[in-house]
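Presented below is the structure to which this report refers.
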Amino acid sequence: MIVTIDGVAASGKSSVSSGVAQALGVPYVSSGLLYRAVTLLGLTAGVDLADAPALLPLLGEVRLEPLASGNRVWNADTDLTADLHSTRVDTGVSVVAALPEIREWVDAQLRALPAPLVAEGRDMGTNVFPHAPHKFYLTASARVRAERRARERPEDIPAIEAALTERDRLDTTQSAPAPDARVIDTGPLTLQGVIDTILTALH
Ligand SMILES: Nc1ncnc2c1ncn2[C@@H]1O[C@H](COP(=O)(O)OP(=O)(O)OP(=O)(O)O)[C@@H](O)[C@H]1O
Ligand SMILES: Nc1ccn([C@H]2C[C@H](O)[C@@H](COP(=O)(O)O)O2)c(=O)n1
């Protein structure tokens with residue numbers, strides 16, 4: 001069984017997916033972490049983030065470790081995970097995610113993983129796992145999402161809101177909900193409330 005949980009930036013995809021996956025006793029995969037890892041490796045190598053042929057050779061030893069408690073991304077023996085949510089990666093990742101060659105690489109990594117799993121991102125339900133039987137799409141206003149992020153990062157709420165709105169704009173192409181996805185406005189819900197809504201729908 002595959003459950004897809006897509007949604008806009010900072011809508012709660014990874015926290016919700018982790019909770020749902022732990023309740024189901026299956027792993028979850030965060031596709032955004034792979035786009036973030038490509039971005040980090042490109043920045044570290046000083047490569048133009050729009051240059052797919054320059055990025056692809058950096059990815060030979062990149063591996064996603066899908067755990068229910070939280071994903072890790074490795075480049076050979078180096079754990080990249082802690083560096084994937086920096087502001088500079090946030091700023092560059094939409095450029096990388098717009099490259100068809102990089103999207104193909106990410107999709108291949110995901111499709112190679114064994115089911116059952118919970119997959120989260122932007123196009124899990126539309127493109128990567130279109131035949132998944134259970135699809136969800138998370139939304140919340142940019143202000144609510146920025147307020148939640150501000151509890152994690154020492155940045156002011158209007159700056160975070162502006163950055164989230166810009167990332168939503170840049171990611172629009174691949175971010176449409178699947179027609180058969182259940183859309184959940186997480187604004188009025190607690191994290192556990194969103195997880196419970198999904199678990200109830202699955203039973
Ligand atoms: N329903 C909710 N109520 C309150 N806080 C929430 C809720 N959902 C998520 N959060 C909090 O919002 C923040 C963003 O959540 P999370 O990182 O899971 O989102 P995301 O969609 O995976 O983000 P990104 O797109 O940046 O990868 C976290 O601090 C999380 O705990
Ligand atoms: N399936 C996906 C997952 C992610 N992206 C892009 C869009 C985001 O800006 C970036 C980081 O994702 P996040 O960690 O915010 O979920 O990666 C995408 O295009 N498709």
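Throughout, numbering of the chain's residues begins at 1 and tracks the sequence.
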(request) Would you mind telling me which of Leu110, Ile2, Val29 makes a side chain to side chain contact (heavy atoms under 4.5 Å, CB included) with Met124? (result) Leu110

(request) Examine Val106 and Leu99 and state if one hydrophobic cluster contains both, with Ile, Leu, Val, Met, Phe, Trp and Tyr joined whenever side-chain heavy atoms are less than 4.5 Å apart. (result) yes

(message) Which residues end up grouped with Trp74 if you chain together Ile, Leu, Val, Met, Phe, Trp and Tyr wherever their side-chain heavy atoms are less than 4.5 Å apart?
(response) none

(message) Is any side-chain heavy atom of Arg103 closer than 4.5 Å to one of Asp123?
(response) yes

(request) Establish whether Leu164 and Ile184 are linked, either directly or via other cluster members, by ILVMFWY side-chain heavy-atom contacts under 4.5 Å. (result) no

(message) If we ignore hydrogens and angles and just use 3.5 Å, is the side chain of Arg145 paired with the main-chain N or O of Ala140 as donor and acceptor?
(response) yes

(request) Go through the steps for Leu138 and Asp6 under the test side-chain contact (heavy atoms from CB on, under 4.5 Å), then give the verdict. (result) CA-CA 6 Å; Leu138 307 186; Asp6 290 305; over 6 Å; no

(request) Look only at the side chain of Thr81 and the backbone of Val73, and say whether a donor-acceptor pair between them is shorter than 3.5 Å. (result) yes

(request) Give a yes or no on this: more than 12 heavy atoms of other residues, nucleotides or ligands lie within 6.0 Å of atom CD of Glu61. (result) no

(message) I want to check something: taking the side chain as every heavy atom from C-beta on, are Ile195 and Leu191 in contact at a cut-off of under 4.5 Å?
(response) yes

(message) Side chains of Thr165 and Glu161: any donor to acceptor distance under 3.5 Å?
(response) no

(request) Could you tell me whether a side-chain N or O of Thr186 sits under 3.5 Å from a main-chain N or O of Leu189, the two making a donor and an acceptor? (result) no

(request) Please examine the side chains of Val3 and Lys135, heavy atoms only from C-beta on, and report whether any two atoms are closer than 4.5 Å. (result) no

(request) Please examine the side chains of Tyr28 and Leu117, heavy atoms only from C-beta on, and report whether any two atoms are closer than 4.5 Å. (result) no

(request) Go through the side-chain N and O atoms of Asp171 and Ser94 and say whether any donor and acceptor fall under 3.5 Å apart. (result) yes

(message) Just so I know, are the side chains of Ser17 and Phe136 near enough to count as touching, which here means a heavy-atom distance under 4.5 Å?
(response) no

(message) Looking only at side-chain N and O atoms, does Thr91 offer a donor or acceptor that is under 3.5 Å from a partner on Glu166?
(response) no

(request) Run the salt-bridge test on Asp90 and Arg36 with the 4.0 Å N-O cut-off and return the result as yes or no. (result) yes

(message) Counting C-beta onward and ignoring hydrogens, is there a side-chain heavy-atom pair between Val8 and Ser11 closer than 4.5 Å?
(response) yes

(request) For residues Val93 and Val38, determine if any side-chain heavy atom of one lies less than 4.5 Å from a side-chain heavy atom of the other. (result) no

(request) Please tell me if the side chains of Ile5 and Tyr137 come closer than 4.5 Å, counting only heavy atoms from C-beta onward. (result) no

(message) Pairing donors with acceptors under 3.5 angstrom, does anything connect the side chains of Arg122 and Thr173?
(response) no

(request) Measure from the side-chain N and O atoms of Asn75 to the backbone N and O of Thr78, and report whether any donor-acceptor pair falls under 3.5 Å. (result) no

